[in-house]
2 protein chains.
Amino acid sequence: MSQSSKPARAGRSRPTMRHVATLAGVGIKTVSRVMNGEPNVSSATIARVMEAAQSLDYQLDERAGNLRRADGRTRTLGLLVSSVDNPFSGTLHRAVEDAAQARGIAVFASSLDDDSQREKVAVNAFLRRRVDGLILTTISEDQSYLAPEMRHGTPMVFVDREPVGISGDTVISDNRGGAMTATEHLLNHGHHRIAYLGDRREIYTARERRGGFFDALGRAGIPTGGIPVIEDLHNEESATKAMLALLDSATPPTAVFTSQNLVTIGAIRALRSRGAHHTTALVGFDDFQLSDLLEPGVTVVAQDPQEIGRAAAERIIDRLDGDNCPARRCIVPTTLIARGTGEILPLIN
Amino acid sequence: MSQSSKPARAGRSRPTMRHVATLAGVGIKTVSRVMNGEPNVSSATIARVMEAAQSLDYQLDERAGNLRRADGRTRTLGLLVSSVDNPFSGTLHRAVEDAAQARGIAVFASSLDDDSQREKVAVNAFLRRRVDGLILTTISEDQSYLAPEMRHGTPMVFVDREPVGISGDTVISDNRGGAMTATEHLLNHGHHRIAYLGDRREIYTARERRGGFFDALGRAGIPTGGIPVIEDLHNEESATKAMLALLDSATPPTAVFTSQNLVTIGAIRALRSRGAHHTTALVGFDDFQLSDLLEPGVTVVAQDPQEIGRAAAERIIDRLDGDNCPARRCIVPTTLIARGTGEILPLIN
DNA sequence: GTGAAAGCGCTAACAC
DNA sequence: GTGTTAGCGCTTTCAC
């Protein structure tokens, strides 16, 4: 009774090159040549080998080849994002995948949930699998732990967030510039009392956007003393609460700048529930689906995650092709899209 | 001048176990034991080995271990979805990742864009890398080409779409039941002239949902002759055009059932542009972000991609643990969420 | 054109 | 406790 429950792999064992070679009556190296499309094999031999391989359902084992091959490449890339279940990461991921796929490279993805504990763990899991390169949205305080691996020649590209304690290729949105544009847009529409609703200050992009917001106020000569600032908002609920508190305060803002998607949506819910969505102006950082179908349409500073992913993948691939120029920094521009909420004028002044 | 531009990996070469063993003054097998946390090593030796490993920035090479290890596992899973840049796939992916990660398994993802050409290519890319299992959203007409690999013992779980020409573990939404529920909801609100807007008939879920729609009409004794049916809609634009055509026809429908996300949104755009969004009822299959913030809120039959991914990963992991019961079929229920558009009553009757 | 031998970095099996 | 040997499935090198 071999209906055993032993946890080993079921099914007949997998054929190897040696099996194919024996069946085809050739040497193992000839099979290798055929399977890899190398030259100097007679067409008759190719046919015999192919037939043998097919009849055994033989599939080349890339792992073994990687190990022995001169460059040692696994044709594999590791991608670290905040979560694969999130539109920004998804679009970035897709752009990376497209570039990788064109080169026969497969992509591992790992979600960190913006939890700095998980970053190092995920990086090491990829490194032990000998990925050829790493594209990472970092969250931990310091990336200097990556230096040894970088010296070993593993190319890395930092996306969306600037690395700390180490220099490396970086591809990020123009967070500061985008936030300034958003804020200036509100200023240009006559607002002086503009609230800032932001994400956790631990996150690089949140700090940059906050910086851009205050830069714009400063340039316009707005005293920042009375500006309402609520930070460390990381989900819709907390953003809704924060916005409600502002609306219920003695001097509610006439406009609000929200530094991130979930915060934008949370704020909109609050405005709706107070019936203030047609009277309080809002510009959000980062575009989102259906922002144009809401009433009023949501004015945003859109990022370009597709371009960020494309540029990062291109950088990694260039590095793999031997490019060893100094670390490069690529800033992807943002675009203000006026749809309604950002063009609401202040009621009184 | 060794500032050569040869495409080989830059940096000093990576240390191996042998290097660590030499530096620590022990045998290579002892290093292996330490790096893998195996017992029967004195704590003094452990300390010496760890120190040597750290000073060399040594990282275990899992590839080599996989090759030699008895079970031959790579601790890797391949996931095929329609696109990682799509909320349903993203949520499913995340659920798979969470289950895999808990077992030290890394996940490869590949987007097929519902292009049947790409399915086999992607599967083979994963198989050559010897993934331990495959979770696949199929699109090609026939999956019998997977049979040899299944016999070799690679567990596979089909998600979202039933396989053809082969039997295997399957996790899908209750497409037929959900579509029936949606249609009955509209019938219960007094609609008789309900249009069907559907995706490409090539896609399994589209056929099932269409089936459920007609089942419900049949049960209600509605003659299906005059029912407007427009199919092969795969994006917002085509759905908008289709809905506009219906609205502009001699006898526009009083309600519409849309079989998919993008179709739902496209139809809503059309209704808006004709000012019919408060008078034409709509129920969509599959929920989407902000469906509750639109005006009116969009009534949908929600799927549970998180549960689909979780169940699929659980199935794969059970198989890897030696479960060899016959192929199982898991139907994940759908939920009707009434938000407004589905409760609009017909104007005339 | 073809194949034999060595070896990629590791673990299995077994000896001490 | 620890080390030695063989070998995972393949590619490299080099001989013929």
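Atoms considered below: every heavy atom in the structure, side chains included; atoms not considered: hydrogens, waters and symmetry mates. None of these values were measured; they are calculated from a predicted model.
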S42(B) side-chain N/O to dG1(D) phosphate OP1/OP2 under 4.0 Å: no
Rounded distance in Å - CZ (R18(B)) to C1' (dG3(D)): 12 Å
Rounded distance (Å) that lies between atom P of dT13(D) and atom CD1 of I28(A): 17 Å
Full working for side-chain contact (heavy atoms from CB on, under 4.5 Å) between R161(A) and Q143(A): CA-CA 11 Å; R161(A) 298 171 190 174; Q143(A) 280 72 47; over 6 Å; no
Position toward the 5' end of DNA chain C (nearest nucleotide), R33(B) or Q59(B): Q59(B)
Electrostatic pair D142(B)-K120(B), nearest N-O below 4.0 angstrom: no
E38(B) CD: over 12 foreign heavy atoms closer than 6.0 Å: yes
pair D85(A)-H93(B): side-chain heavy atoms closer than 4.5 Å: no
Minimum-distance nucleotide to T45(B) side chain [options: dG1(D), dT11(D), dT11(C)]: dG1(D)
Phosphate OP1/OP2 of dC10(C): any Y58(B) side-chain N/O under 4.0 Å: yes
Side-chain donor/acceptor of R68(A) to base of dG9(C), under 3.5 Å: no
Length of the line joining M17(B):CE and dT2(D):C1', which is rounded to integer Å: 15 Å
Nearest-nucleotide pick for R69(B), side chain only, options being dG3(D), dT11(C), dT11(D): dT11(C)
Comparing K29(B) and A64(A) on DNA chain D - which has the more 5′ nearest nucleotide: K29(B)
Integer-rounded Å distance: dG9(D) C1' and H19(A) NE2: 11 Å
Integer-rounded Å distance: dA13(C) P and N40(B) CG: 16 Å
Any T30(A) side-chain nitrogen or oxygen under 4.0 Å from OP1 or OP2 of dG3(C): yes
Value in whole Å for how far the C1' atom of dG1(D) lies from CZ of R48(B): 12 Å
Nearest-nucleotide pick for N36(A), side chain only, options being dG9(C), dT11(C), dT11(D): dT11(D)
OP1 or OP2 of dC8(D) under 4.0 Å from side-chain N/O of T16(A): no
Between dC8(C) (C1') and R130(A) (CZ): distance, integer Å: 12 Å
Spacing between R63(B) atom CZ and dC10(D) atom P, to the nearest angstrom: 15 Å
4.5 Å side-chain heavy-atom contact, L60(A) and N36(A): yes
Any N66(A) side-chain nitrogen or oxygen under 4.0 Å from OP1 or OP2 of dC10(D): no
